[in-house]
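Contents: one structure, followed by commentary.
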Amino acid sequence: MPELPEVETTLRGIAPHIQGQSVSRVLVRNKNLRWPVPAALSSQLPGQTLLEIRRRGKYLLLLTEKGTAILHLGMSGSLRITSLQTPAEKHDHVDIIFANDKVLRFRDPRRFGCVLWTTQPAEQHKLIAAMGPEPLSDEFNGDYLYDLSRSRKCNIKSYIMDSKVVTGVGNIYASEALFSAGILPARQAGRISKPRYQVLAESIRQVLTAAIKQGGTTLKDFTREDGQPGYFKQSLKVYDRAGLDCTVCQQTIKQKVLNQRSTYYCSHCQR
DNA sequence: AGTGCGGCCTGTCCGC
DNA sequence: TGCGGACAGGCCGCAC
């Protein structure tokens, strides 16, 4: 499942191949993604030069002079650099074809992802504008998390998974960061002390940074732009480890559903 | 304003 | 072996 580290891994993989390149054509095989792929993408992106590729949360932004393509990988999406000689497979829904004959191919079996086009500044786009700070930026820290949480009745796990609070923390890394910080996922966000939020902010930062270093986490769907898996799965301490021993205290890792999401934790290490 | 949940999808796995 | 059904997940958009 692509979370922030997987999206960052994808960005780093594709950027060298297509940055500065001119788009020659857009091929949409199936426009029925989370939202329909707009016709404007096919009519306005060709002829444009990719000035920059940026990540905001889990969104990838392909910036050109005329507008910005906004991509999201949903939960089963991936991007590859390929060529037109490579036949498209069943779930390869969109190709962005470049003048250097490279093809950026969007695959998404479950079609929870999206490929959009906007001519306004991307940061003003509805999907981007309301997002909270990047977890790896300076504005994200314990003070920020603490101050914003004071009136919140929801549990800490859904709080840090709220993209308006902080962007890019999904189900896997939320469990991992809470384990690292020693905080039980069900604890009420508004009742956690400032020192614990300092630890949590640092845990989120560290878990994400470590995952990026390992090329993300591959459980089922995720592959990097070159088709290789990410290697962070072997570093997961609690996620998908229900019934196994805690690597710290040897007690059994527990699983429960919180806000319709599988949640993993150690009731001995986390309080 | 904050919270909770439905809905979008397909592949995988389980039990019969 | 085949089949149905549950489940997984990001996250918007709506209802409360």
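Reminder, nothing fancy here: chain letters follow the sequence lines and each chain counts from 1.
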How long is the line joining [atom1] of [X] and [atom2] of [N], in whole Å?
{"X": "A/Q188", "N": "B/dG2", "atom1": "CD", "atom2": "P", "answer": "14 Å"}
{"X": "A/K157", "N": "B/dT3", "atom1": "NZ", "atom2": "P", "answer": "16 Å"}
{"X": "A/L148", "N": "B/dG2", "atom1": "CG", "atom2": "P", "answer": "8 Å"}
{"X": "A/K126", "N": "C/dC11", "atom1": "NZ", "atom2": "P", "answer": "16 Å"}
{"X": "A/R150", "N": "B/dG2", "atom1": "CZ", "atom2": "C1'", "answer": "16 Å"}
{"X": "A/K256", "N": "C/dC7", "atom1": "NZ", "atom2": "C1'", "answer": "20 Å"}
{"X": "A/I160", "N": "B/dT3", "atom1": "CD1", "atom2": "C1'", "answer": "17 Å"}
{"X": "A/M161", "N": "B/dG2", "atom1": "CE", "atom2": "P", "answer": "19 Å"}

Does the side chain of A/D245 pick up a donor-acceptor pair with the side chain of A/Q250 at under 3.5 Å?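 Result is no, nothing qualifies.
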Between A/K157 and A/T263, is any side-chain donor less than 3.5 angstrom from a side-chain acceptor?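 A/K157 vs A/T263: donor-acceptor pair found between side chains.
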Heavy atoms only, 4.0 Å cut-off, all strands: where does [X] land among base, sugar-phosphate and nothing?
{"X": "A/R152", "value": "sugar-phosphate"}
{"X": "A/R34", "value": "base"}
{"X": "A/N259", "value": "sugar-phosphate"}
{"X": "A/K164", "value": "nothing"}
{"X": "A/Y59", "value": "sugar-phosphate"}

Heavy-atom pair with the smallest gap, counting every atom of A/T68 and A/A122: CG2-CB, 3.9 Å
Of all heavy-atom pairs between A/R111 and A/S76, which one has the smallest distance, and what is that distance?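 Scanning both residues, the minimum pair turns out to be N-OG, 4.2 Å.
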Between [options], spot the one nearest the side chain of [X], thanks.
{"X": "A/R110", "options": "C/dG10, C/dG9, C/dC12", "answer": "C/dG9"}
{"X": "A/Q260", "options": "C/dG10, B/dT3, B/dC5", "answer": "B/dC5"}
{"X": "A/K153", "options": "B/dT3, B/dC9, C/dG13", "answer": "B/dT3"}
{"X": "A/R111", "options": "B/dC9, C/dC11, C/dC12", "answer": "B/dC9"}
{"X": "A/H72", "options": "B/dT3, C/dG10, B/dG11", "answer": "C/dG10"}

Do the side-chain N or O atoms of [X] get closer than 4.0 angstrom to the phosphate oxygens (OP1, OP2) of [N]?
{"X": "A/Y239", "N": "C/dG9", "result": "yes"}
{"X": "A/H91", "N": "B/dG11", "result": "yes"}
{"X": "A/S262", "N": "C/dC7", "result": "no"}

Considering Watson-Crick and G-U wobble pairs with both distances under 3.5 Å, what does C/dA15 pair with?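 Here C/dA15 is engaged in a pair, and the nucleotide opposite it is B/dT3.
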Given A/S175, which of A/V238, A/L258, A/D240 fulfils the side-chain contact (heavy atoms from CB on, under 4.5 Å) condition? A/V238
Steps toward side-chain hydrogen bond (donor to acceptor under 3.5 Å, both in side chains) verdict (A/D143, A/Q198): CA-CA 7 Å; A/D143 287 351; A/Q198 309 284 12; 3.0 Å; yes
By centroid distance (under 5.5 Å) and plane angle (under 30°), are A/F112 and B/dC8 in a stacked arrangement?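 Stack criterion met.
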Start at the 5' end of DNA chain B and walk down; is the nucleotide closest to A/R261 or to A/D162 reached first? A/D162
